[in-house]
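Naming convention: chains lettered A, B, ... in sequence-line order (proteins, then strands); numbering from 1 in each chain.
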Amino acid sequence: MSMHARILAAIRKIPRGKVSTYGAVARGAGYPGLARQVGGILRRSAGMPWHRVLGAGGEINVPRDYAMEQRFRLESEGVIFRGRRVDMKRFEFQFPRARSLREKSKKSS
DNA sequence: AGGGTGACGATCA
DNA sequence: ATGATCGCCACCC
């Protein structure tokens with residue numbers, strides 16, 4: 001399974017009414033440190049619950065063209081904002097502990 | 001091989 | 001809180 005596929009799979013696990021962050025998705029998928037790729041992949045993928053992925057701290061981090069829609073979609077799922085950010089204490093989806101799949105050298109299985 | 005690019009994130013002024 | 005800076009890394013020329 002490719003990194004790309006694992007990341008998309010992780011994003012699809014975020015349930016309705018919950019959110020995650022680019023960094024957390026990367027870690028949940030087994031690729032700590034690849035928050036940027038999560039953003040890039042999500043940006044180019046159709047049919048994904050993109051609105052459930054926020055920036056660190058629960059801040060909306062998409063260009064303004066989509067910012068309003070993201071907030072609207074989340075609020076319609078019951079996610080509550082406090083100022084500009086989501087109350088992560090209550091709405092962040094916790095990914096199960098994932099083994100880092102990042103490889104510095106050889107070996108797989 | 002090498003340089004530029006992010007829907008990132010942590011830190012600091 | 002806000003903006004700058006820097007570290008990070010897969011991708012795309």
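Atom CD1 in Ile41(A) sits roughly 10 Å away from atom P in dC12(C) (whole-Å rounding).
Ile80(A) is connected to Val86(A) through a chain of hydrophobic side-chain contacts under 4.5 Å among Ile, Leu, Val, Met, Phe, Trp and Tyr, so both are in one cluster.
A 6.0 Å sphere centred on OH of Tyr66(A) holds no more than 12 heavy atoms belonging to other residues, nucleotides or ligands.
Judged purely by atom type and a 3.5 angstrom limit, Gln70(A) uses its side chain to pair as donor or acceptor with the backbone of Val53(A).
Comparing Leu34(A) and Glu59(A) against DNA chain C, the residue whose closest nucleotide sits nearer the 5' end is Glu59(A).
The salt bridge (charged side-chain N to carboxylate O under 4.0 Å, His left out) test applied to Glu75(A) returns Arg71(A), not counting sequence neighbours.
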Heteroatom pairs (N/O) under 3.5 angstrom, protein to nucleotides 6-10 of chain B:
| from | atom 1 | to | atom 2 | distance (Å) |
| --- | --- | --- | --- | --- |
| dG6(B) | N7 | Arg36(A) | NH2 | 3.4 |
| dG6(B) | N3 | Arg36(A) | NE | 3.3 |
| dA7(B) | OP1 | Arg43(A) | NE | 2.5 |
| dA7(B) | OP1 | Arg43(A) | NH2 | 3.1 |
| dA7(B) | O4' | Asn61(A) | O | 3.1 |
| dA7(B) | N3 | Tyr22(A) | OH | 3.0 |
| dC8(B) | OP1 | Asn61(A) | OD1 | 2.6 |
| dC8(B) | N3 | Arg36(A) | NH1 | 2.9 |
| dC8(B) | N4 | Arg36(A) | NH1 | 2.6 |
| dC8(B) | N4 | Arg36(A) | NH2 | 3.0 |
| dG9(B) | OP1 | Gly23(A) | N | 2.7 |
| dG9(B) | OP2 | Ala56(A) | N | 2.6 |

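Salt-bridge formation is detected for the pair Arg52(A)/Glu77(A): a Lys NZ or Arg NE/NH1/NH2 atom is positioned less than 4.0 Å from an Asp or Glu carboxylate oxygen.
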